Amino acid sequence: MTERRPADGDRALMASVGALMYLVAGAVVALSLVAPGHDMANPSALVAGSVAGFVTAAWMWLLRERLPRHLFHLTSAAGTVMTALCVYWSGEQSSPYSFLFLWVATFGAYFFTPAQVVAHLSLAGAVYALALVELPPEGDAFEHWLLTMVGVSLAAAVIRQLVSAREGLEAAREQLLAHTIELARTDPLTGLLNRRAWYERLEEELERAQRSSAPVCVAMLDLDYFKAFNDEHGHIAGDDLLRAIASVWKLAIRPADSLGRYGGEEFALVLPECEIERAVEVIERLRASVPRDQRCSVGIARWDGQETPLDLVARADARLYAAKNLGRDRIVAAPWRTETPAVRGR
Ligand code: GH3
Ligand code: MG
Ligand code: MG
(Lines give C-alpha, C1' and ligand atoms only; values in the text may rest on other atoms or scores of the structure.)
(Ligands and ions follow the chains in the order given, each with its own letter.)
Protein backbone atom coordinates (compact mmCIF):
# COMPACT_ATOMS: atom_id res chain seq x y z
CA MET A 1 0.00 0.00 0.00
CA THR A 2 1.55 3.31 -1.01
CA GLU A 3 1.27 5.97 1.61
CA ARG A 4 -0.41 9.13 0.51
CA ARG A 5 1.92 12.03 1.12
CA PRO A 6 0.02 15.23 1.68
CA ALA A 7 1.48 18.32 0.08
CA ASP A 8 1.53 21.56 2.06
CA GLY A 9 -1.96 22.40 0.83
CA ASP A 10 -3.17 19.03 2.15
CA ARG A 11 -1.46 19.63 5.47
CA ALA A 12 -3.23 22.97 5.82
CA LEU A 13 -6.52 21.19 5.07
CA MET A 14 -5.71 18.41 7.56
CA ALA A 15 -4.92 20.99 10.24
CA SER A 16 -8.10 22.99 9.54
CA VAL A 17 -10.31 19.89 9.62
CA GLY A 18 -8.54 18.60 12.74
CA ALA A 19 -8.94 22.00 14.42
CA LEU A 20 -12.65 22.05 13.55
CA MET A 21 -13.11 18.56 14.97
CA TYR A 22 -11.38 19.49 18.23
CA LEU A 23 -13.46 22.69 18.40
CA VAL A 24 -16.74 20.81 17.93
CA ALA A 25 -15.70 18.08 20.39
CA GLY A 26 -14.79 20.73 23.01
CA ALA A 27 -18.12 22.51 22.41
CA VAL A 28 -20.11 19.24 22.64
CA VAL A 29 -18.52 18.43 25.99
CA ALA A 30 -19.03 22.00 27.27
CA LEU A 31 -22.69 22.03 26.17
CA SER A 32 -23.37 18.62 27.68
CA LEU A 33 -22.14 19.98 31.02
CA VAL A 34 -24.59 22.86 31.04
CA ALA A 35 -27.48 20.87 29.53
CA PRO A 36 -30.12 19.98 32.14
CA GLY A 37 -30.70 16.39 33.20
CA HIS A 38 -27.11 15.15 32.93
CA ASP A 39 -25.22 14.26 36.07
CA MET A 40 -21.63 13.72 35.16
CA ALA A 41 -19.41 11.72 37.48
CA ASN A 42 -16.44 14.06 37.11
CA PRO A 43 -17.57 17.45 35.74
CA SER A 44 -14.30 19.24 36.54
CA ALA A 45 -12.31 16.68 34.54
CA LEU A 46 -14.79 17.13 31.69
CA VAL A 47 -14.33 20.94 31.87
CA ALA A 48 -10.58 20.35 31.60
CA GLY A 49 -11.19 18.01 28.65
CA SER A 50 -13.35 20.60 26.93
CA VAL A 51 -10.75 23.34 27.46
CA ALA A 52 -8.05 20.97 26.15
CA GLY A 53 -10.20 20.52 23.04
CA PHE A 54 -10.46 24.29 22.48
CA VAL A 55 -6.75 24.84 23.09
CA THR A 56 -5.77 22.05 20.68
CA ALA A 57 -8.17 23.46 18.06
CA ALA A 58 -6.62 26.93 18.36
CA TRP A 59 -3.07 25.54 18.25
CA MET A 60 -3.78 23.44 15.12
CA TRP A 61 -5.50 26.36 13.43
CA LEU A 62 -2.66 28.77 14.17
CA LEU A 63 0.12 26.43 12.98
CA ARG A 64 -1.78 24.81 10.06
CA GLU A 65 0.63 23.92 7.21
CA ARG A 66 3.60 24.29 9.55
CA LEU A 67 2.45 21.18 11.46
CA PRO A 68 4.64 18.20 10.53
CA ARG A 69 2.86 15.28 8.93
CA HIS A 70 3.44 12.72 11.66
CA LEU A 71 1.80 15.07 14.18
CA PHE A 72 -1.65 14.35 12.72
CA HIS A 73 -1.31 10.77 13.92
CA LEU A 74 -0.56 12.13 17.36
CA THR A 75 -3.53 14.54 17.36
CA SER A 76 -5.79 11.69 16.17
CA ALA A 77 -4.51 9.33 18.87
CA ALA A 78 -4.87 12.11 21.47
CA GLY A 79 -8.47 12.68 20.29
CA THR A 80 -9.14 8.97 20.69
CA VAL A 81 -7.74 8.88 24.22
CA MET A 82 -9.60 12.11 25.17
CA THR A 83 -12.87 10.62 23.90
CA ALA A 84 -12.38 7.47 26.00
CA LEU A 85 -11.52 9.64 29.02
CA CYS A 86 -14.68 11.72 28.52
CA VAL A 87 -16.74 8.51 28.42
CA TYR A 88 -15.02 7.45 31.65
CA TRP A 89 -15.49 10.86 33.34
CA SER A 90 -19.18 10.85 32.39
CA GLY A 91 -19.57 7.85 34.69
CA GLU A 92 -21.93 6.06 32.26
CA GLN A 93 -21.18 3.12 30.00
CA SER A 94 -23.92 4.42 27.69
CA SER A 95 -22.33 7.88 27.42
CA PRO A 96 -23.06 9.50 24.04
CA TYR A 97 -19.50 10.93 24.03
CA SER A 98 -18.49 7.68 22.33
CA PHE A 99 -19.87 9.12 19.07
CA LEU A 100 -16.77 11.38 19.07
CA PHE A 101 -14.81 8.30 17.91
CA LEU A 102 -16.48 9.08 14.57
CA TRP A 103 -14.21 12.12 14.26
CA VAL A 104 -11.07 10.01 14.48
CA ALA A 105 -12.46 7.42 12.04
CA THR A 106 -13.58 9.92 9.39
CA PHE A 107 -10.42 12.04 9.67
CA GLY A 108 -8.21 8.96 9.29
CA ALA A 109 -10.27 7.49 6.45
CA TYR A 110 -9.91 10.70 4.48
CA PHE A 111 -6.27 11.54 5.13
CA PHE A 112 -4.47 8.33 6.15
CA THR A 113 -3.76 5.02 4.44
CA PRO A 114 -6.17 2.10 5.13
CA ALA A 115 -3.53 0.40 7.32
CA GLN A 116 -3.14 3.54 9.39
CA VAL A 117 -6.93 3.84 9.76
CA VAL A 118 -7.08 0.26 11.04
CA ALA A 119 -4.36 1.13 13.58
CA HIS A 120 -6.28 4.20 14.77
CA LEU A 121 -9.54 2.23 15.01
CA SER A 122 -7.78 -0.50 16.96
CA LEU A 123 -6.54 2.09 19.43
CA ALA A 124 -10.10 3.46 19.72
CA GLY A 125 -11.45 -0.06 20.31
CA ALA A 126 -8.85 -0.72 23.00
CA VAL A 127 -9.18 2.52 24.98
CA TYR A 128 -12.98 2.49 24.69
CA ALA A 129 -13.03 -1.08 26.06
CA LEU A 130 -10.76 0.02 28.90
CA ALA A 131 -13.09 2.93 29.77
CA LEU A 132 -16.14 0.62 29.73
CA VAL A 133 -14.43 -1.96 31.92
CA GLU A 134 -13.47 0.70 34.47
CA LEU A 135 -17.05 2.07 34.67
CA PRO A 136 -19.78 0.65 36.92
CA PRO A 137 -21.71 -2.10 35.06
CA GLU A 138 -24.90 -0.91 33.40
CA GLY A 139 -26.76 -2.97 30.78
CA ASP A 140 -24.64 -4.71 28.14
CA ALA A 141 -21.29 -2.91 27.90
CA PHE A 142 -20.12 -5.18 25.10
CA GLU A 143 -23.14 -4.15 23.01
CA HIS A 144 -22.22 -0.47 23.46
CA TRP A 145 -18.71 -1.23 22.45
CA LEU A 146 -19.69 -3.34 19.45
CA LEU A 147 -22.31 -0.92 18.12
CA THR A 148 -19.95 2.03 18.44
CA MET A 149 -17.04 0.25 16.81
CA VAL A 150 -19.14 -1.17 13.96
CA GLY A 151 -20.68 2.29 13.40
CA VAL A 152 -17.39 4.16 13.26
CA SER A 153 -15.75 1.43 11.13
CA LEU A 154 -18.61 1.60 8.62
CA ALA A 155 -18.33 5.38 8.48
CA ALA A 156 -14.57 5.03 7.86
CA ALA A 157 -15.19 2.45 5.11
CA VAL A 158 -17.71 4.69 3.36
CA ILE A 159 -15.37 7.68 3.45
CA ARG A 160 -12.47 5.54 2.24
CA GLN A 161 -14.64 4.39 -0.66
CA LEU A 162 -15.52 7.97 -1.58
CA VAL A 163 -11.86 8.97 -1.40
CA SER A 164 -10.89 6.06 -3.70
CA ALA A 165 -13.61 7.03 -6.17
CA ARG A 166 -12.41 10.64 -6.15
CA GLU A 167 -8.77 9.56 -6.60
CA GLY A 168 -9.81 7.37 -9.54
CA LEU A 169 -11.59 10.30 -11.15
CA GLU A 170 -8.61 12.57 -10.57
CA ALA A 171 -6.23 10.02 -12.12
CA ALA A 172 -8.51 9.64 -15.15
CA ARG A 173 -8.76 13.40 -15.51
CA GLU A 174 -4.98 13.81 -15.33
CA GLN A 175 -4.52 11.07 -17.92
CA LEU A 176 -7.06 12.72 -20.20
CA LEU A 177 -5.39 16.08 -19.76
CA ALA A 178 -1.96 14.63 -20.57
CA HIS A 179 -3.41 12.93 -23.64
CA THR A 180 -5.11 16.13 -24.77
CA ILE A 181 -1.91 18.12 -24.34
CA GLU A 182 -0.03 15.45 -26.29
CA LEU A 183 -2.60 15.63 -29.10
CA ALA A 184 -2.42 19.42 -29.17
CA ARG A 185 1.36 19.22 -29.64
CA THR A 186 1.51 16.46 -32.21
CA ASP A 187 1.10 16.51 -35.97
CA PRO A 188 -1.53 13.83 -36.67
CA LEU A 189 -0.07 12.64 -39.99
CA THR A 190 3.59 12.20 -39.05
CA GLY A 191 3.51 12.08 -35.24
CA LEU A 192 6.17 14.81 -35.18
CA LEU A 193 5.87 18.00 -33.14
CA ASN A 194 3.40 20.32 -34.77
CA ARG A 195 4.31 23.88 -35.63
CA ARG A 196 3.26 25.36 -32.26
CA ALA A 197 5.03 22.68 -30.20
CA TRP A 198 8.15 22.93 -32.37
CA TYR A 199 8.22 26.70 -31.95
CA GLU A 200 7.92 26.34 -28.16
CA ARG A 201 10.83 23.90 -28.24
CA LEU A 202 12.84 26.45 -30.23
CA GLU A 203 12.08 29.13 -27.62
CA GLU A 204 13.22 26.78 -24.85
CA GLU A 205 16.44 25.92 -26.70
CA LEU A 206 17.26 29.57 -27.29
CA GLU A 207 16.66 30.34 -23.60
CA ARG A 208 18.99 27.50 -22.67
CA ALA A 209 21.59 28.65 -25.20
CA GLN A 210 21.36 32.17 -23.80
CA ARG A 211 22.53 30.81 -20.45
CA SER A 212 25.16 28.42 -21.79
CA SER A 213 26.32 30.46 -24.83
CA ALA A 214 26.17 27.24 -26.87
CA PRO A 215 25.53 27.52 -30.63
CA VAL A 216 22.07 26.69 -31.98
CA CYS A 217 21.11 26.12 -35.62
CA VAL A 218 17.69 26.05 -37.24
CA ALA A 219 16.94 24.33 -40.55
CA MET A 220 13.81 24.71 -42.66
CA LEU A 221 13.35 21.79 -45.06
CA ASP A 222 10.85 21.82 -47.92
CA LEU A 223 10.20 18.95 -50.34
CA ASP A 224 10.80 19.85 -54.00
CA TYR A 225 7.95 19.65 -56.48
CA PHE A 226 5.85 17.71 -54.04
CA LYS A 227 2.70 18.79 -55.80
CA ALA A 228 3.98 16.93 -58.84
CA PHE A 229 4.59 13.84 -56.69
CA ASN A 230 0.99 14.00 -55.48
CA ASP A 231 -0.28 14.54 -59.00
CA GLU A 232 1.67 11.56 -60.27
CA HIS A 233 1.24 9.07 -57.40
CA GLY A 234 -1.86 10.29 -55.64
CA HIS A 235 -2.44 12.02 -52.32
CA ILE A 236 -2.36 8.80 -50.28
CA ALA A 237 1.11 7.97 -51.59
CA GLY A 238 2.06 11.58 -50.80
CA ASP A 239 0.88 11.09 -47.22
CA ASP A 240 2.81 7.81 -46.98
CA LEU A 241 5.95 9.54 -48.18
CA LEU A 242 5.56 12.36 -45.64
CA ARG A 243 5.19 9.75 -42.88
CA ALA A 244 8.19 7.76 -44.15
CA ILE A 245 10.38 10.87 -44.31
CA ALA A 246 9.35 11.82 -40.77
CA SER A 247 10.28 8.42 -39.36
CA VAL A 248 13.57 8.17 -41.24
CA TRP A 249 14.62 11.66 -40.18
CA LYS A 250 13.50 11.12 -36.59
CA LEU A 251 15.87 8.15 -36.35
CA ALA A 252 18.73 10.06 -37.97
CA ILE A 253 18.84 12.97 -35.53
CA ARG A 254 20.07 13.18 -31.93
CA PRO A 255 17.52 12.97 -29.09
CA ALA A 256 18.30 16.60 -28.26
CA ASP A 257 17.37 17.77 -31.79
CA SER A 258 13.73 18.74 -32.34
CA LEU A 259 12.06 17.92 -35.62
CA GLY A 260 8.62 19.32 -36.40
CA ARG A 261 6.21 19.44 -39.28
CA TYR A 262 6.05 23.14 -39.97
CA GLY A 263 3.42 23.06 -42.70
CA GLY A 264 2.19 20.81 -45.54
CA GLU A 265 5.47 19.46 -46.94
CA GLU A 266 7.75 21.64 -44.91
CA PHE A 267 9.73 20.46 -41.88
CA ALA A 268 11.70 22.39 -39.27
CA LEU A 269 14.65 21.25 -37.22
CA VAL A 270 16.32 22.80 -34.15
CA LEU A 271 19.89 21.64 -33.58
CA PRO A 272 21.10 22.69 -30.13
CA GLU A 273 24.82 22.79 -29.35
CA CYS A 274 25.54 22.57 -33.03
CA GLU A 275 27.75 24.76 -35.22
CA ILE A 276 26.65 25.50 -38.76
CA GLU A 277 29.26 23.22 -40.36
CA ARG A 278 27.93 20.24 -38.42
CA ALA A 279 24.34 21.29 -39.14
CA VAL A 280 25.16 21.14 -42.87
CA GLU A 281 26.54 17.63 -42.41
CA VAL A 282 23.42 16.52 -40.53
CA ILE A 283 21.12 17.97 -43.17
CA GLU A 284 23.13 16.34 -45.97
CA ARG A 285 22.59 13.03 -44.20
CA LEU A 286 18.86 13.69 -43.91
CA ARG A 287 18.60 14.71 -47.57
CA ALA A 288 20.42 11.56 -48.65
CA SER A 289 18.05 9.37 -46.60
CA VAL A 290 14.76 10.61 -48.12
CA PRO A 291 12.84 7.64 -49.61
CA ARG A 292 11.69 7.35 -53.22
CA ASP A 293 14.45 9.67 -54.40
CA GLN A 294 12.38 12.65 -53.30
CA ARG A 295 14.50 15.81 -53.30
CA CYS A 296 14.34 18.68 -50.87
CA SER A 297 15.69 22.16 -50.37
CA VAL A 298 16.95 23.45 -47.03
CA GLY A 299 17.77 26.79 -45.45
CA ILE A 300 19.96 26.78 -42.35
CA ALA A 301 20.66 29.66 -39.97
CA ARG A 302 22.78 29.83 -36.84
CA TRP A 303 21.38 31.82 -33.96
CA ASP A 304 23.25 35.12 -33.51
CA GLY A 305 22.70 35.06 -29.74
CA GLN A 306 20.26 37.94 -29.79
CA GLU A 307 17.59 37.63 -32.46
CA THR A 308 14.09 36.44 -31.56
CA PRO A 309 13.03 32.89 -32.45
CA LEU A 310 10.78 34.37 -35.11
CA ASP A 311 13.67 36.31 -36.71
CA LEU A 312 15.85 33.19 -36.65
CA VAL A 313 13.13 31.14 -38.39
CA ALA A 314 12.62 33.96 -40.91
CA ARG A 315 16.35 33.94 -41.69
CA ALA A 316 16.38 30.16 -42.22
CA ASP A 317 13.22 30.49 -44.31
CA ALA A 318 14.79 33.19 -46.47
CA ARG A 319 17.69 30.82 -47.16
CA LEU A 320 15.25 28.02 -47.98
CA TYR A 321 13.70 30.27 -50.61
CA ALA A 322 17.15 31.18 -51.86
CA ALA A 323 17.76 27.42 -52.27
CA LYS A 324 14.51 27.11 -54.22
CA ASN A 325 15.44 30.05 -56.43
CA LEU A 326 18.90 28.65 -57.07
CA GLY A 327 17.28 25.54 -58.62
CA ARG A 328 16.16 23.43 -55.58
CA ASP A 329 17.71 20.19 -54.27
CA ARG A 330 20.33 22.03 -52.22
CA ILE A 331 21.23 23.59 -48.89
CA VAL A 332 21.78 27.28 -48.40
CA ALA A 333 23.60 27.95 -45.16
CA ALA A 334 25.74 30.88 -44.24
CA PRO A 335 27.42 31.52 -40.94
CA TRP A 336 26.20 34.49 -39.04
CA ARG A 337 27.10 37.80 -40.70
CA THR A 338 28.64 36.16 -43.74
CA GLU A 339 27.54 38.05 -46.81
CA THR A 340 27.43 35.23 -49.34
CA PRO A 341 25.47 32.17 -48.30
CA ALA A 342 27.27 28.85 -48.67
CA VAL A 343 25.45 26.81 -51.28
CA ARG A 344 25.64 23.03 -51.46
CA GLY A 345 23.90 21.06 -54.18
CA ARG A 346 23.66 17.31 -54.59
P1 GH3 B 1 8.38 23.54 -54.42
O2 GH3 B 1 9.54 22.79 -54.95
O3 GH3 B 1 8.33 24.95 -54.88
O4 GH3 B 1 8.30 23.45 -52.94
O5 GH3 B 1 7.12 22.85 -55.03
P6 GH3 B 1 5.99 22.06 -54.28
O7 GH3 B 1 5.11 21.44 -55.28
O8 GH3 B 1 6.58 21.15 -53.29
O9 GH3 B 1 5.31 23.22 -53.46
P10 GH3 B 1 3.87 23.80 -53.51
O11 GH3 B 1 3.84 24.80 -52.39
O12 GH3 B 1 3.51 24.30 -54.85
O13 GH3 B 1 2.93 22.60 -53.17
C14 GH3 B 1 3.00 21.92 -51.99
C15 GH3 B 1 2.38 20.59 -52.18
O16 GH3 B 1 2.44 19.81 -51.00
C17 GH3 B 1 0.94 20.73 -52.58
C18 GH3 B 1 0.19 19.84 -51.62
O19 GH3 B 1 -0.69 18.98 -52.27
C20 GH3 B 1 1.27 19.04 -50.97
N21 GH3 B 1 0.92 18.74 -49.60
C22 GH3 B 1 0.87 19.59 -48.54
N23 GH3 B 1 0.45 18.94 -47.45
C24 GH3 B 1 0.23 17.65 -47.80
C25 GH3 B 1 -0.22 16.49 -47.10
O26 GH3 B 1 -0.51 16.50 -45.92
N27 GH3 B 1 -0.31 15.34 -47.81
C28 GH3 B 1 -0.01 15.28 -49.14
N29 GH3 B 1 -0.11 14.12 -49.76
N30 GH3 B 1 0.42 16.36 -49.80
C31 GH3 B 1 0.54 17.53 -49.17
MG1 MG C 1 7.69 22.07 -51.64
MG1 MG D 1 6.13 24.26 -49.10
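Keep in mind that this is a model prediction, so the values were computed, not measured.
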With Asp329 as reference, evaluate Lys324, Arg295, Gln294 under the side chain to side chain donor-acceptor pair (under 3.5 Å) test and give the passing residue.
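Going through the options one by one, the only one that passes is Arg295.
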
Measuring from atom [atom1] of [X] to atom [atom2] of [Y], what distance do you get when rounded to the nearest 0.5 angstrom?
X	Y	atom1	atom2	result
Leu135	Ser94	CG	OG	9.5 Å
Glu207	Leu202	CD	CG	10.0 Å
Trp103	Leu20	CH2	CG	8.0 Å
Leu176	Leu169	CG	CG	11.5 Å
His179	Thr186	NE2	OG1	9.0 Å
Leu193	Arg261	CG	CZ	13.0 Å

Residue pairs involving residues 242-251 (criterion side chain to side chain donor-acceptor pair (under 3.5 Å); sequence neighbours excluded)
Asp240-Arg243

Check: [X] side chain, [Y] main-chain N or O, donor-acceptor pair, under 3.5 Å:
X	Y	answer
Arg287	Leu221	no
Arg11	Leu67	yes
Tyr22	Thr75	yes
Arg64	Ala12	no
Tyr199	Leu310	yes
Glu205	Pro272	no
Asp187	Gly260	no
Thr80	Ser76	yes
Arg285	Ala252	yes

Identify, with sequence neighbours excluded, every residue that meets side chain to side chain donor-acceptor pair (under 3.5 Å) alongside Glu307.
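Partners of Glu307 by the side chain to side chain donor-acceptor pair (under 3.5 Å) criterion, ordered by chain and then number, come out as Arg315.
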
What closest approach, in Å, do [X] and [Y] show between heavy atoms, and which atom pair accounts for it?
X	Y	value
Glu273	Ala214	CG-CB, 3.7 Å
Met220	Ala268	SD-CB, 3.9 Å
Ser90	Ser95	OG-CB, 3.1 Å
Trp303	Ala209	CZ3-CB, 3.7 Å
Val29	Cys86	CG2-SG, 4.1 Å
Ala156	Ala109	O-CB, 3.3 Å

So do [Y] and [X] actually touch side chain to side chain, heavy atoms under 4.5 Å?
X	Y	value
Ser122	Val118	yes
Leu242	Leu223	yes
Met14	Met60	no
Ile253	Leu286	yes
Tyr88	Asn42	no

Side chain to side chain contact (heavy atoms under 4.5 Å, CB included) assessment of Arg185 paired with Arg201
CA-CA 11 Å; Arg185 296 173 52 79; Arg201 193 64 65 78; 3.5 Å; yes

If you count every heavy atom of other residues, nucleotides or ligands that lies below 6.0 Å from [X] atom [atom1], does the total exceed 12?
X	atom1	answer
Phe107	CZ	yes
Ile236	CD1	no
Glu170	CD	yes
Glu203	CD	yes

Between Ser98 and Thr83, does a side chain to side chain contact (heavy atoms under 4.5 Å, CB included) hold up when you go through it step by step?
CA-CA 7 Å; Ser98 62; Thr83 301; 5.6 Å; no

Leu63 and Leu71: side chain to side chain contact (heavy atoms under 4.5 Å, CB included), yes or no, with the steps?
CA-CA 12 Å; Leu63 291 185; Leu71 209 95; over 6 Å; no

Under 4.5 Å between side-chain heavy atoms, counting indirect links through other Ile/Leu/Val/Met/Phe/Trp/Tyr residues: same cluster for [X] and [Y] or not?
X	Y	value
Leu130	Val104	no
Val51	Trp61	no
Val150	Leu121	yes
Phe226	Val248	yes
Phe99	Tyr97	yes

Lys/Arg N to Asp/Glu carboxylate O, Arg302 vs Glu277, below 4.0 Å:
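Between Glu277 and Arg302 there is no salt bridge, as every charged N stays at least 4.0 Å from the carboxylate O atoms.
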
Inspect the contact between Glu281 and Arg278 and indicate whether a charged nitrogen and a carboxylate oxygen are less than 4.0 angstrom apart.
no

Against the six-membered ring of Trp198, is Arg196 placed for a cation-pi contact (under 6.0 Å from the centre, within 45° of the normal)?
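Checked: cation-pi criterion not met.
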
Check the pair Glu265, Asn230 against side chain to side chain contact (heavy atoms under 4.5 Å, CB included), reporting the backbone distance first and the verdict last.
CA-CA 11 Å; Glu265 27 68 88; Asn230 274 324; over 6 Å; no

List the steps, then state whether side chain to side chain donor-acceptor pair (under 3.5 Å) holds for Ser297 with Asp224.
CA-CA 7 Å; Ser297 304; Asp224 294 334; 2.6 Å; yes

If the plane angle is over 60° it's perpendicular, under 30° parallel, otherwise tilted; pick one for Phe229 and His233.
tilted

Is the centre of the Phe111 ring less than 6.0 Å from the centre of the Phe72 ring?
no

Quick one: are the ring centres of Tyr128 and His144 less than 6.0 Å apart?
no

